[in-house]
Amino acid sequence: MGLELFDSKEQKLREFVPLNAGVVEIYVCGPTVQSAPHLGHLRSALVYDLLRRWLKALDYEVIMVRNVTDIDDKVLVNAGTRNWLEFAREVEASFNDAYNNLWILEPTHSPHATEHIDDMIALTKKLIDRGHAYQAEVGSANVFFHSASWPSYGELTNQKLENMEGEPEASFGRRSPNDFALFKAHKPEEPATAAWQTPWGLARPGWHIECSAMAKHFLGEAFDIHGGGLDLRFPHHENELAQSRAAGDHFANFWLHNALVTVNGSKMSKSQGNGVSVEELLEKGSWGAIRYWLVSAQYRSNLDYSDKSLADASSALERITGFIKRTSQTKPVEIDLVKLPQAFKDAMNQDLNTPLALAVLHDTVRAGNAAFDSGDAPELQKSVEAVKAMVHVLGLTNAYVESDVSPEFRAQIEQLLSKRQQAKTAKDFNTADKIRAELEGLGVIIKDLPNETIWSIING
RNA sequence: GGUGGAGUGGCUGAGCGGCCCAAAGCAGCAGCCUGCAAAGCUGUAAAACCACGGGUUCAAAUCCCGUCUCCACCUCCA
C-alpha cells in the first residue's frame with residue numbers, strides 16, 4: 001500500500017502520486033512574524049516537517065517552500081515606533097530558534113513576502129487583465145479580487161458566495177462584500193518604507209496574494225501539496241486558490257490542513273491570550289518531550305494541551321531513549337526503509353498515523369528490552385536498529401544522541417563513577433549514594449546495568 | 001444562517017463493518033530484578049455496555065436516522 005493523504009479539498013483520502021515522478025513539491029504557509037511563536041505554530045511546522053521526512057524516507061526528493069509574511073497590518077502595529085522590518089526579522093529569528101530546537105528541518109526555500117513584491121504585481125496585473133480584479137477607483141492604489149467573477153469561488157471550503165458574511169460593502173472601495181485586497185493603498189500614518197511603487201500607486205500587498213505569487217515563483221504553475229493550519233482554510237487558502245486558478249494556474253494538487261492545538265478545549269491563539277510560549281513549555285519538559293507530544297496525535301486531530309501533557313510525553317519518550325541508551329548504540333542512523341517494521345510503514349502511509357506508528361515503536365522497544373534481558377543478541381540488534389530507524393523518521397533522533405560534553409566534565413563524571421564503584425564493592429553504600437546524589441546535582445543520571453554503569457545528561 | 005470536525009478506560013490517544021471481550025503511552029497496583037534506587041520485564045485491575053435513543057446487518061465503536069454536547073471557520077489567526 002502506498003502513501004494516502006487526506007485532501008481537504010476533496011474531503012477524502014487520496015493515494016499520493018507526485019506530478020513529476022520522484023519529486024515532491026510542497027508549499028506551506030509559514031508564520032506572519034508579528035509576535036513570538038506559540039505551541040500552535042510549532043505544531044503546524046512540525047506536521048509538514050514530518051510529512052517531509054516521511055516522503056524522504058519513501059525516497060522522494062522533496063522541495064519545500066515555507067514563506068515568511070513579514071509585511072502585514074499586525075507587523076506594523078506591533079512594531080510600534082520601531083523599524084518594522086527590523087522588528088519582523090527579530091520575530092522571525094525567534095521562530096527559527098524554536099524550529100531548530102524542535103529539530104524541524106530547514107525548508108528548501110523560506111522566502112520573505114517583502115522580497116517578492118514584483119511577483120505579486122505581475123500576478124495582480126494578470127488578474128486585472130483577465131477581468132478578475134479591479135482598481136478600487138481611478139487614482140486609488142487599492143486593488144481587489146472580484147470573487148463573483150470566479151465561478152468556482154468557494155470550491156475549497158464548499159461554500160456558496162451568498163452564504164458568506166463578508167466585509168462591509170464599499171469599504172476601501174470594494175465592489176462587493178466578498179472581494180478581497182490584492183494591494184492596499186499606502187496610508188499616511190504608516191511608515192513610508194512599508195509601501196512599494198506599483199502600477200496603481202504606492203501600496204503594500206494583501207496577505208493572500210503573497211502566497212500565490214511565491215508559490216508560483218518557486219514551484220511553478222502546478223505543485224503537489226499545499227499545507228497550513230486549519231484556520232487558514234478560509235479565507236486565506238480559498239483566496240489563494242481562486243487567485244491562482246483565475247490567473248490560469250493549476251496550483252496545488254493536494255490540500256493538507258493540520259488541526260489546531262487547544263487549551264481547555266478552545267483554540268490557542270494570540271487574541272485569546274492562551275498561547276503557550278516556548279518559555280512556558282520548557283518549564284514543563286524538554287524539546288524532545290515537546291516534539292514527542294506533538295507527534296502523539298494524528299495531525300488532523302485536535303490536540304489539547306494541559307499541565308501534564310509534557311510530563312506524560314517525557315516519560316513515554318524516555319522509555320524509547322532509555323532502551324537505546326542501555327544498548328549503548330547511541331550513534332544516529334540514516335534513513336533506512338528496510339529496517340522499518342512493515343506495521344510502522346503502513347501507519348505512516350495511512351495519512352501519517354503517528355499514534356499508530358508510536359504504538360509500533362513501543363512494541364519494538366518492549367521486544368528489544370526482552371531480548372536485552374534474555375541475552376538474545378540477534379533479536380536485540382534487530383530491535384535497536386528498527387527503533388532507531390523509526391525514531392529517525394519521527395525526527396526524535398536528537399533525543400538520544402549524547403550531547404556534547406567537555407572532556408573535563410566527562411573525566412569528572414568517570415572519576416566519580418569509579419569512586420562509587422569502589423564504595424559499592426566495599427559495601428560502603430552511604431558513600432555510593434552520596435556520589436550518586438552528587439552526580440545528580442551535576443545533572444547526570446546514572447543507571448546500574450549488570451556489568452557496568454551508564455550515565456546520561458538530564459534533558460540532553 | 002452557512003461549511004467542516006469531534007464525543008472511546010483515571011488521563012492522553014488509535015481503531016471507522018467480522019482478527020475489538022478495543023492498540024499504544026501515562027498514571028495505579030503486585031511480582032521479578034537491585035545493597036537501596038533508577039531502568040527494565042511480567043501480570044493485573046469492583047465492567048472502556050465506544051455521548052444518548054432508534055434502525056440496517058448473520059455481524060456495528062465502525063453504516064443509516066434522530067437527539068444532545070463540544071470545537072473550528074465565514075475576510076487578523078498555524
Side-chain angles (χ1 to χ4, degrees), chain A residues 8 11 28-32 34 37-48 72-74 77 147 154 156-160 162-167 171 174 177-181 206-208 227-236 238-239 257-262 265-272 275 292-293 296-298 300-304 306 308-309 311-320 322-323 325-326 343 347 350 353-363 365-366 368-370 372-374 424 427-430 432-433 436 440 445-450 453-454:
Chain A
S8 38
Q11 294 177 40
V28 177
C29 282
T32 298
Q34 47 148 319
H38 65 235
L39 193 46
H41 299 110
L42 299 183
R43 182 182 196 190
S44 185
L46 180 59
V47 163
Y48 302 103
D72 160 270
D73 301 30
K74 290 242 168 136
V77 170
S147 300
L156 181 68
T157 51
N158 193 25
Q159 297 185 92
K160 290 189 170 66
E162 60 265 30
N163 289 328
M164 297 181 191
E165 291 171 356
E167 283 282 301
S171 60
R174 54 162 58 74
N178 304 296
D179 292 356
F180 56 89
W207 180 30
H208 317 302
L230 196 53
D231 50 355
L232 297 186
R233 270 176 86 223
F234 192 89
H236 188 51
E238 187 72 73
N239 290 170
H257 287 99
N258 59 281
L260 308 175
V261 178
T262 58
S266 65
K267 179 184 165 183
M268 184 177 291
S269 68
K270 278 284 174 223
S271 49
Q272 288 191 48
Y292 182 96
W293 182 71
S296 72
Q298 205 263 355
R300 285 191 291 121
S301 298
N302 270 3
L303 195 47
D304 197 60
S306 76
K308 63 189 277 289
S309 298
D312 284 3
S314 297
S315 301
L317 178 61
E318 269 171 34
R319 198 174 130 69
I320 297 163
F323 165 66
K325 284 179 182 170
R326 80 192 286 222
Q350 270 171 46
N353 191 334
T354 48
L356 230 192
L358 281 177
V360 177
L361 176 49
H362 277 106
D363 285 342
V365 166
R366 183 181 304 118
N369 276 318
F372 186 94
D373 289 342
S374 67
K424 278 179 70 176
K427 299 217 184 285
D428 178 2
F429 299 121
N430 253 336
D433 288 351
R436 180 163 65 198
E440 270 175 40
I445 289 285
I446 60 171
K447 286 173 198 167
D448 288 334
L449 267 42
T453 297
I454 61 170

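Labels below follow one simple rule: chain letters A, B, ... track the order of the sequence lines, proteins then strands, and each chain is numbered from 1. Only this structure's heavy atoms are used, side chains among them; waters, hydrogens and symmetry mates stay out. Only a predicted model underlies this, so the values are computations on that prediction, with no experimental measurement involved.
- A search for side chain to side chain contact (heavy atoms under 4.5 Å, CB included) contacts involving A/D433 returns A/R436, not counting sequence neighbours.
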Listed pairs, N/O of protein and of nucleotides 6-14 of chain B, under 3.5 Å:
{"residue": "B/C11", "atom": "O2'", "partner": "A/K308", "partner atom": "NZ", "Å": "3.3"}
{"residue": "B/A14", "atom": "OP1", "partner": "A/Q298", "partner atom": "N", "Å": "2.9"}
{"residue": "B/A14", "atom": "OP1", "partner": "A/S301", "partner atom": "OG", "Å": "2.9"}
{"residue": "B/A14", "atom": "O3'", "partner": "A/N353", "partner atom": "ND2", "Å": "3.1"}

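- Scanning for side chain to side chain donor-acceptor pair (under 3.5 Å) contacts around A/N158 gives an empty result, with sequence neighbours left out.
- Residues passing the side chain to side chain donor-acceptor pair (under 3.5 Å) test with A/K74, sequence neighbours excluded: none.
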Any protein N or O atoms within reach of nucleotides 39-41 of chain B? Criterion: under 3.5 Å, listing atom names and distances.
{"residue": "B/G40", "atom": "O3'", "partner": "A/N369", "partner atom": "ND2", "Å": "3.0"}
{"residue": "B/G40", "atom": "O2'", "partner": "A/R326", "partner atom": "NH1", "Å": "3.3"}
{"residue": "B/G40", "atom": "O2'", "partner": "A/D373", "partner atom": "OD2", "Å": "2.9"}
{"residue": "B/C41", "atom": "OP1", "partner": "A/R319", "partner atom": "NH1", "Å": "3.4"}
{"residue": "B/C41", "atom": "OP1", "partner": "A/N369", "partner atom": "ND2", "Å": "3.2"}
{"residue": "B/C41", "atom": "OP2", "partner": "A/R319", "partner atom": "NH1", "Å": "3.2"}
{"residue": "B/C41", "atom": "O4'", "partner": "A/D373", "partner atom": "OD2", "Å": "3.4"}

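- Between A/N163 and B/G1 there is no side-chain N or O to OP1 or OP2 distance below 4.0 Å.
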(message) In dot-bracket form, 5' to 3', how is RNA chain B paired? Count Watson-Crick and G-U wobble pairs only if both distances fall under 3.5 Å, and write | where the partner sits on another strand.
(response) ((((((((.[[[..)..(.....]]].(((((.......)))))......[[[[[..)....]]]]])))))))....
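- The side chain to side chain donor-acceptor pair (under 3.5 Å) search around A/Y48 returns A/N258, not counting sequence neighbours.
- Residues forming a side chain to side chain donor-acceptor pair (under 3.5 Å) with A/D72 (at least two apart in sequence, or on another chain): none.
- Scored by the side chain to side chain contact (heavy atoms under 4.5 Å, CB included) test, A/K160 finds A/E162, A/N163 as partners (sequence neighbours excluded).
- Taking the side chain to side chain contact (heavy atoms under 4.5 Å, CB included) definition, one finds that A/A316 meets it with A/Y292, A/H362, sequence neighbours left out.
- Scanning for ring-ring contact (aromatic ring centres under 6.0 Å, His included) contacts around A/H38 gives A/H41, with sequence neighbours left out.
- Under the rule for a side chain to side chain contact (heavy atoms under 4.5 Å, CB included), the partners of A/L303 that lie at least two apart in sequence or sit in another chain are A/R43, A/W293, A/L294, A/A297.
- For the C1' atoms, the distance from B/C36 to B/G43 is 24 Å, rounded to whole Å.
- The shortest distance between the side-chain N/O atoms of A/H41 and the OP1/OP2 oxygens of B/A78 is below 4.0 Å.
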